[in-house]
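The figures that follow rest on heavy atoms only: side chains count, while hydrogens, waters and symmetry mates do not.
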Amino acid sequence: MRRWIVLMGVLWGLAFAQGFGFVYYMGFTWTPPTDLTVVQQGYPDTVVRGAEFSGRDFTYPWYYGVRLWYGEAAGLRYELELIHHKLYFEGAAENAGILNRFTSTDGFNYLLFNLAYPLINSSLRVVGRVGAGVMLPHPETEVRGEIPSRGVEIR
């Protein structure tokens, strides 16, 4: 067992020496108000204007992110990043009663591939980053008093 631990330590040390890294982070989010279009069978399309959301970032399930990177400590590096974001509908300026419940806590995830360029030769660490990826949503909704299994689309 001790040899296994030593071997893992040596491998991790070599990996980090070659420019591998891992970051885990938590924090808080802010989602600006937005307009949502509700498309539901048997009803006209309706716009919920000024929908406001909270993140409840420090209540379970928490907001978090994980980033793996490979590259230079002070130069170009490649990153794979997962961000778990949450949304809780809090109300709207207009037509708020249509959405009785709209949350996305079990899977509003961003999976990103980033190119980053850190500048660490200063007292302030600055990292320029550009990325592209996919969002994997899993909303839980109650629209007009119904918990739909299908037939409701929110854009």
Side-chain angles (χ1 to χ4, degrees), residues 12 15-16 19-155:
W12 273 105
F16 282 107
F20 284 93
F22 171 79
V23 175
Y24 175 83
Y25 56 91
M26 296 177 70
F28 63 92
T29 60
W30 176 73
T31 303
T34 187
D35 293 346
L36 303 173
T37 302
V38 178
V39 179
Q40 186 177 17
Q41 292 175 350
Y43 296 94
D45 293 3
T46 307
V47 176
V48 177
R49 298 203 186 282
E52 295 183 9
F53 296 91
S54 67
R56 302 179 195 169
D57 300 314
F58 295 108
T59 58
Y60 185 81
W62 301 285
Y63 163 79
Y64 66 89
V66 177
R67 183 181 306 128
L68 300 171
W69 60 268
Y70 172 77
E72 302 296 324
L76 182 65
R77 64 185 188 197
Y78 306 95
E79 301 177 340
L80 185 61
E81 184 171 19
L82 172 69
I83 302 171
H84 178 77
H85 184 40
K86 308 181 315 178
L87 290 176
Y88 294 88
F89 177 70
E90 297 294 345
E94 184 180 321
N95 294 325
I98 291 171
L99 294 177
N100 305 105
R101 180 175 66 108
F102 181 75
T103 64
S104 184
T105 61
D106 291 336
F108 190 67
N109 299 300
Y110 298 97
L111 184 59
L112 304 167
F113 175 77
N114 303 326
L115 293 176
Y117 196 89
L119 305 170
I120 62 171
N121 295 331
S122 66
S123 60
L124 177 66
R125 183 180 176 102
V126 177
V127 178
R129 182 176 285 117
V130 63
V134 296
M135 182 182 68
L136 308 167
H138 179 210
E140 298 168 3
T141 61
E142 184 177 336
V143 180
R144 294 184 177 105
E146 299 176 19
I147 299 174
S149 58
R150 60 184 172 167
V152 174
E153 180 180 331
I154 298 177
R155 299 183 239 162

Next item on the list: Look up atom CZ in Arg67 and atom CZ in Arg129, then write down how far apart they are to the nearest 0.5 Å.
Entry: 3.5 Å

Next item on the list: On the 0 to 90° scale, with breaks at 30° and 60°, tag the Phe89-Phe53 ring pair as parallel, tilted or perpendicular.
Entry: perpendicular

Checklist line | Glu52 CD to Leu87 CG distance, which is reported to the nearest 0.5 Å | finding: 13.0 Å

Checklist line | Step-by-step side chain to side chain contact (heavy atoms under 4.5 Å, CB included) determination, Tyr64 to Tyr24 | finding: CA-CA 7 Å; Tyr64 66 89; Tyr24 175 83; 3.6 Å; yes

Next item on the list: Identify, with sequence neighbours excluded, every residue that meets side chain to side chain donor-acceptor pair (under 3.5 Å) alongside Thr59.
Entry: none

Next item on the list: Grab the two heavy atoms, one from Ala92 and one from Ala51, that are nearest each other, plus how far apart they are.
Entry: CB-CA, 3.9 Å

Checklist line | Audit row: His85, Thr31, side chain to side chain contact (heavy atoms under 4.5 Å, CB included) steps and yes/no | finding: CA-CA 10 Å; His85 184 40; Thr31 303; 3.4 Å; yes

Next item on the list: Heavy atoms only: give me the nearest Asn109-Leu82 pair and the separation to one decimal.
Entry: CB-CD1, 3.9 Å

Next item on the list: First locate atom CZ of Phe113, then atom CG of Leu80, and finally report the distance between them rounded to the nearest 0.5 Å.
Entry: 8.5 Å

Check: Which of these passes side chain to side chain contact (heavy atoms under 4.5 Å, CB included) with Val143: Leu99, Thr46, Val39?
Finding: Leu99

Next item on the list: Taking atom OH of Tyr25 as the centre, report whether more than 12 heavy atoms of other residues, nucleotides or ligands fall under 6.0 Å from it.
Entry: yes

Item checked: Exercise: identify the closest heavy-atom pair between Asn95 and Val47 -> ND2-O, 2.7 Å

Note to self: Which label fits Tyr70 and Phe20: parallel for a plane angle under 30°, tilted from 30 to 60°, or perpendicular past 60°?
What the structure shows: tilted

Next item on the list: Ignoring hydrogens and angles, state whether a donor on the side chain of Asp45 or Thr37 is under 3.5 Å from an acceptor on the partner side chain.
Entry: no

Next item on the list: Give the minimum heavy-atom separation between Pro118 and Gly75, together with the two atoms involved.
Entry: CD-O, 2.9 Å

Notebook entry, point to check: Under 6.0 Å from the OH atom of Tyr78, do we count more than 12 heavy atoms belonging to anything else shown?
Noted result: no

Margin query: Nearest 0.5 angstrom please: Tyr63 OH to Met26 CE, how far?
Written below: 10.0 Å

Notebook entry, point to check: Looking at Gly55 and Thr29, what are the two nearest heavy atoms and their distance?
Noted result: CA-OG1, 4.1 Å

Next item on the list: Might you point out which heavy atoms bring Asp35 and Gly50 nearest each other, and give the distance in Å?
Entry: OD1-N, 2.9 Å

Notebook entry, point to check: In a check of side chain to side chain contact (heavy atoms under 4.5 Å, CB included) between Tyr110 and each of His84, Met135, Glu81, which one passes?
Noted result: Met135

